[in-house]
Chemist: 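Below are the structure tokens for one structure; questions will follow.
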Amino acid sequence: QVQLVESGGGLVQAGGSLRLSCAASGSILRINAMGWYRQAPGKQRELVAAISSGGTTNYADSVKGRFTISRDNGKNTVYLQMNSLNPDDTAVYYCNADIRRRGFFIDNTYWGQGTQVTVSS
């Protein structure tokens, strides 16, 4: 009943920018924290950025100062603005949300399908 759909990935040259979007839909009572993770080939999936329902943010050291996470609660959407991209940012990016569904008593974690970001030298 809950789906997260990502968009905005693609190919960009080093130093360029991309903006990722992720919209949640379905039978949602409330969304708590939302975040972005990424996974490069042969690497563990890592947290890139997270944002609370009230707007408090947290970033991985590797992206601090370059990436900005934000959310639009009215649209159930989280964004990731990525600036000054370098080849080490190449990965599949996944959005994540902690969601309470209508009629349920617990929160569940949901994931987007992933979007490829490739940064060329």
Side-chain angles (χ1 to χ4, degrees):
Q1 296 184 44
V2 173
Q3 186 177 20
L4 273 58
V5 179
E6 299 180 2
S7 62
L11 175 65
V12 66
Q13 291 184 327
S17 298
L18 286 173
R19 182 176 172 86
L20 306 183
S21 300
C22 175
S25 62
S27 184
I28 296 170
L29 179 63
R30 66 170 184 260
I31 302 177
N32 303 311
M34 305 183 80
W36 290 92
Y37 291 72
R38 68 186 181 187
Q39 187 166 24
K43 303 289 187 179
Q44 294 278 318
R45 185 175 297 187
E46 64 174 345
L47 176 67
V48 177
I51 184 168
S52 73
S53 61
T56 301
T57 59
N58 185 260
Y59 297 92
D61 288 341
S62 60
V63 308
K64 203 168 297 181
R66 299 188 297 121
F67 291 9
T68 302
I69 188 171
S70 61
R71 64 191 288 170
D72 185 334
N73 291 331
K75 297 181 178 180
N76 289 337
T77 299
V78 62
Y79 306 93
L80 186 67
Q81 178 67 47
M82 303 184 293
N83 298 326
S84 301
L85 287 162
N86 61 67
D88 288 338
D89 296 316
T90 296
V92 178
Y93 284 70
Y94 300 89
C95 67
N96 167 276
D98 179 29
I99 295 174
R100 177 71 62 90
R101 296 169 62 186
R102 298 184 190 277
F104 285 73
F105 292 99
I106 61 171
D107 299 329
N108 286 311
T109 299
Y110 296 87
W111 293 89
Q113 79 282 2
T115 184
Q116 177 70 48
V117 172
T118 302
V119 184
S120 62
S121 301

Chemist: Could you tell me whether the side chain of T68 reaches within less than 4.5 Å of the side chain of Y59, counting heavy atoms only?
Modeler: yes
Chemist: Taking the side chain as C-beta and beyond, is there a heavy-atom pair between C95 and M34 under 4.5 Å?
Modeler: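 They are not in contact (no side-chain heavy atoms under 4.5 Å apart), so the answer is no.
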Chemist: Keeping the roles fixed (side chain from R71, backbone from S52), state whether a donor-acceptor pair exists under 3.5 Å.
Modeler: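 Yes; at least one donor-acceptor contact below 3.5 Å.
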Chemist: If you group Ile, Leu, Val, Met, Phe, Trp and Tyr by side-chain heavy-atom gaps below 4.5 Å, do L80 and Y37 land in one group?
Modeler: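 No, separate clusters.
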Chemist: Going by the rule salt bridge (Lys or Arg N to Asp or Glu O under 4.0 Å), which residues pair with R66 if we only count those two or more places apart in sequence or in a different chain?
Modeler: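 Partners of R66 by the salt bridge (Lys or Arg N to Asp or Glu O under 4.0 Å) criterion, ordered by chain and then number, come out as D89.
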Chemist: Can you find a pair of side-chain heavy atoms, one from T118 and one from V12, that are under 4.5 Å apart?
Modeler: no
Chemist: If every non-hydrogen atom of G8 is compared with every non-hydrogen atom of L18, which pair is closest and at what distance?
Modeler: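 Heavy atoms of G8 and L18 come nearest at O-CD2, 3.9 Å.
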Chemist: Do V63 and M82 have side chains that get closer than 4.5 Å, going by heavy atoms?
Modeler: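 In short, these two side chains do not touch, never coming nearer than 4.5 Å.
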Chemist: I need the F104 CZ to I99 CD1 distance, nearest 0.5 Å.
Modeler: 12.0 Å
Chemist: Is the closest side-chain heavy-atom distance between V117 and T90 below 4.5 Å?
Modeler: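 With C-beta onward as the side chain, the pair stays apart.
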Chemist: Which one of N108, N32, T109 satisfies the side chain to side chain donor-acceptor pair (under 3.5 Å) criterion with D98?
Modeler: N32
Chemist: Would you say L11 and Q116 make side-chain contact, with heavy atoms under 4.5 Å?
Modeler: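 Side-chain contact under 4.5 Å: no.
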Chemist: In sequence, state the C-alpha distance, the side-chain angles, and the governing distance for I28 and V2, and then conclude on side-chain contact (heavy atoms from CB on, under 4.5 Å).
Modeler: CA-CA 7 Å; I28 296 170; V2 173; 4.1 Å; yes
Chemist: What's the separation between atom CG in N73 and atom OG in S53, rounded to the nearest 0.5 Å?
Modeler: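 Between N73 CG and S53 OG, I get 7.0 Å after rounding to 0.5 Å.
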Chemist: Do F67 and W36 make the cut of ring centroids closer than 6.0 angstrom?
Modeler: no
Chemist: I would like to know whether R101 and Q1 meet side-chain contact (heavy atoms from CB on, under 4.5 Å); could you show each step before the answer?
Modeler: CA-CA 9 Å; R101 296 169 62 186; Q1 296 184 44; 2.8 Å; yes
Chemist: With distance as the sole test, does E6 use its side chain to make a donor-acceptor pair with the main-chain N or O of C22 at under 3.5 Å?
Modeler: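 Not at all, since once roles are kept as given, no pair shorter than 3.5 Å links the two residues.
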Chemist: For atom NZ of K64, is the number of surrounding heavy atoms from other residues, nucleotides or ligands below 6.0 Å larger than 12?
Modeler: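 Count over threshold, so yes.
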Chemist: Minimum heavy-atom separation for L47 and A50, please, with both atom names.
Modeler: CD1-CB, 4.3 Å
Chemist: Are the side chains of R45 and Y94 in contact, using a 4.5 Å heavy-atom criterion?
Modeler: yes
Chemist: Tell me whether the NZ or CZ atom of R19 lies within the 45° cone about the ring axis of Y79 and under 6.0 Å from its centre.
Modeler: yes
Chemist: Any side-chain donor-acceptor pair under 3.5 Å between D72 and T77?
Modeler: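 No.
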Chemist: Looking only at heavy atoms, what is the nearest atom pair of I69 and G35, with distance?
Modeler: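 Result for this residue pair: CD1-CA, 4.1 Å.
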Chemist: Under a 3.5 Å threshold, yes or no: a donor from one side chain and an acceptor from the other, between R38 and Y93?
Modeler: yes
Chemist: What heavy-atom pair brings S17 and S84 nearest, and what distance separates the two atoms?
Modeler: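 Heavy atoms of S17 and S84 come nearest at OG-N, 4.3 Å.
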Chemist: Indicate the atoms forming the closest heavy-atom contact of A40 with A91, along with that distance.
Modeler: N-CB, 3.9 Å
Chemist: Would you say I51 and V78 make side-chain contact, with heavy atoms under 4.5 Å?
Modeler: yes
Chemist: Rounded at 0.5 Å granularity, tell me how far CD in Q13 sits from CG in N86.
Modeler: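 Those atoms lie 14.0 Å apart.
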Chemist: So which heavy atom on A24 is nearest to which on I31, and how close?
Modeler: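 In terms of heavy atoms, the two residues are closest at CB-CD1, 4.0 Å.
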